[in-house]
Number of protein chains: 2
Amino acid sequence: MSAAATTRRDIPDASVARLPGYLRALTALARNDIASVSSEELATAAGVSSTMLRKDLSHLGSYGVRGVGYDVERLASEITTALGLTQDWPVAIVGMGNLGRALAAYRGFAERGFRVIALLDGDPRVVGDRVAGDVVRPMRDLPDLVVDHGLAIGVIATPSAGAQEACDDLVEAGVRSVLNFAPAVLSVPDGVVVRTVDLSTELQILAFHGQRVAAPEVVA
Amino acid sequence: MSAAATTRRDIPDASVARLPGYLRALTALARNDIASVSSEELATAAGVSSTMLRKDLSHLGSYGVRGVGYDVERLASEITTALGLTQDWPVAIVGMGNLGRALAAYRGFAERGFRVIALLDGDPRVVGDRVAGDVVRPMRDLPDLVVDHGLAIGVIATPSAGAQEACDDLVEAGVRSVLNFAPAVLSVPDGVVVRTVDLSTELQILAFHGQRVAAPEVVA
DNA sequence: CACTGTGAATACCTTCACAGCA
DNA sequence: TGCTGTGAAGGTATTCACAGTG
């Protein structure tokens, strides 16, 4: 029985995907010194229905007070724990093209507790460059980053041709979570989790929904 | 009866979200001069099960040949039509920070037929800058872009504080599809579609899945 | 009394199992 | 025979309706 099992009840995936949104809304409330919030208010702030919010929170436990609402600090802390954000999750970004450089310079990571500990590239001509104040390192540094700095999450920002190789390098070094921005399907062994975010895919989905309503100027 | 209704049968959202992946795989096959493909092969290339692929394709119509498979060109063309990618979808990027600049320089948009026709920013100090060869324009240019160039999709790459305002400007100018990279919930009138992609959210989801398996060094 | 927490109902998505066809 | 297309079954996610409680 591992220590982690205490925290980890069975939370549905769809629910997990919404928890970060709740946490963001709670953080904003806390910044405005709001101590208590109803499911209705929090749901609105997070862009979901209050029923769904309550159902989601019920998977974490019973942290609300009937007739009153939720304590903002308390709930934020419970969600933080559920998501596993009490430990830190050092991140490395692989691929220093446009997107990689932008991600390297992006503040949002650090703000939410994800420390970018290394920037890497497979191209020796790029290795050694300075990006956002850091020196770009070669892929062979990966194993040391895992062992010495606890590197846990790899962000792939390479062109799609190099994505699988970058992923293999990360996995071989011991990284078990990958956020992939390349438009490619990555294959990984069991136990490694990949999430792919593809900009073109998103635009294509928007195009589909857009056509529904965009065309009817031709109604004659 | 609008012209668009011909194309648009009722395709489930989950299915629509996978079509771009199939299209990408088909495009790769076509580049390698492969003319025909089975559901099994295509499914593998797209990272889904063959049953799911066939079910998804069945929503578009019957374009396979039993005992043989699918004609690559034909199927690509059917998906292209279903997604509404036969018309073009001019894109504007709002917010010329790090992410906006990276998106402006990103090739992937054009490759898949999304023409970036304008870069904008609400900050007068940024307006006039050159980014990726284009001059950054002020927000007040939006209505003209919609009318004169058919601007259809707005990409929001502003800080989260400015996202709702950017979105309102886009919507007011007549844009009905928004891809939002700011970590914020955007409210829009009916008929406008927003998709939000948030990097921190993705990392937090990875953290959740990672903790499941990361901790057990403490097994005693 | 207001608001949370939850079983039951519904809607949606995926997988199974196999009928149908080149 | 081999592979597609699909009704039916099984799961998962969301919504409803209301019981429970500070």
Side-chain angles (χ1 to χ4, degrees), chain A residues 8-22 25-26 29 34-79 82 185 193 201 205 208-209, chain B residues 9-22 25-26 29 34-79 82 185 201 205 208-209:
Chain A
R8 220 255 171 190
R9 252 150 305 209
D10 193 27
I11 308 174
D13 282 357
S15 197
V16 171
R18 285 184 294 264
L19 293 179
Y22 304 152
L26 287 165
L29 291 170
I34 294 166
S36 176
V37 67
S38 71
S39 66
E40 192 63 46
E41 294 164 323
L42 183 56
T44 302
V48 302
S49 73
S50 65
T51 312
M52 195 146 95
L53 171 72
R54 290 202 302 277
K55 180 68 95 183
D56 284 342
L57 295 184
S58 78
H59 295 116
L60 310 185
S62 253
Y63 301 122
V65 179
R66 294 170 198 240
V68 178
Y70 300 89
D71 181 89
V72 171
E73 296 277 1
R74 172 80 193 288
L75 187 55
S77 138
E78 294 297 344
I79 294 177
V185 175
V193 180
T201 297
I205 295 170
F208 173 83
H209 291 293
Chain B
R9 252 149 307 210
D10 193 29
I11 308 173
D13 281 358
S15 198
V16 171
R18 284 184 295 264
L19 292 179
Y22 304 152
L26 287 165
L29 291 170
I34 294 166
S36 176
V37 67
S38 70
S39 65
E40 192 64 45
E41 294 164 324
L42 183 55
T44 303
V48 303
S49 74
S50 65
T51 313
M52 195 146 95
L53 171 72
R54 291 202 301 277
K55 181 67 95 183
D56 284 342
L57 295 184
S58 77
H59 295 116
L60 311 185
S62 250
Y63 301 123
V65 179
R66 293 170 199 241
V68 178
Y70 300 88
D71 180 89
V72 170
E73 296 278 2
R74 171 80 192 288
L75 188 54
S77 137
E78 294 297 344
I79 294 176
V185 176
T201 297
I205 295 170
F208 174 83
H209 291 294

Separation of [N] [atom2] from [X] [atom1] (nearest whole Å):
X	N	atom1	atom2	result
B:Arg18	C:dC12	CZ	C1'	12 Å
B:Leu19	C:dC13	CG	P	13 Å
A:Ile11	D:dA13	CD1	P	12 Å
B:Asp10	C:dC12	CG	C1'	12 Å
B:His59	C:dC12	NE2	P	12 Å
B:Asp13	C:dT14	CG	P	11 Å

Residues that B:Ala43 engages under side-chain contact (heavy atoms from CB on, under 4.5 Å), provided they are two or more places apart: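 Checked B:Ala43 against side-chain contact (heavy atoms from CB on, under 4.5 Å); matches are B:Val48, B:Ser50, B:Leu53.
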Kindly give the heavy-atom pair with the smallest separation between [X] and [Y], and that separation in Å.
X	Y	result
B:Ile34	B:Val72	O-CG2, 3.3 Å
B:Val68	B:Ser36	CG1-OG, 4.2 Å
A:Ala46	A:Gly21	CB-O, 4.2 Å

Please tabulate the protein-to-nucleotide N/O contacts below 3.5 Å involving nucleotides 19-22 of chain D, giving atom names and distances.
from   : atom 1 : to      : atom 2 : distance (Å)
D:dG20 : N3     : A:Arg66 : NH1    : 3.0

Report yes if the side chains of [X] and [Y] come closer than 4.5 Å at any heavy-atom pair, otherwise no.
X	Y	result
B:Ile11	B:Asp56	no
B:Asp13	A:His209	yes
A:Leu42	A:Leu29	yes
A:Leu19	B:Phe208	no

B:Leu57 or A:Ala14, whichever maps to the more 5' nucleotide of DNA chain D: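 The answer here is B:Leu57.
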Positive for side chain to side chain contact (heavy atoms under 4.5 Å, CB included) with A:Tyr70, one of A:Glu41, A:Glu78, A:Arg54: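 Single pass found, and it is A:Arg54.
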Using heavy atoms and a sub-4.0 Å distance, could you list which residues of residues 38-56 of chain B are near DNA chain D? By number, please.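 The answer is B:Ser38, B:Ser39, B:Arg54, B:Lys55.
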Respond yes when some side-chain nitrogen or oxygen of B:Tyr63 is under 4.0 Å from OP1 or OP2 of D:dC3, and no when none is.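 It does not, given that no N or O in the side chain of B:Tyr63 lies less than 4.0 Å from OP1 or OP2 of D:dC3.
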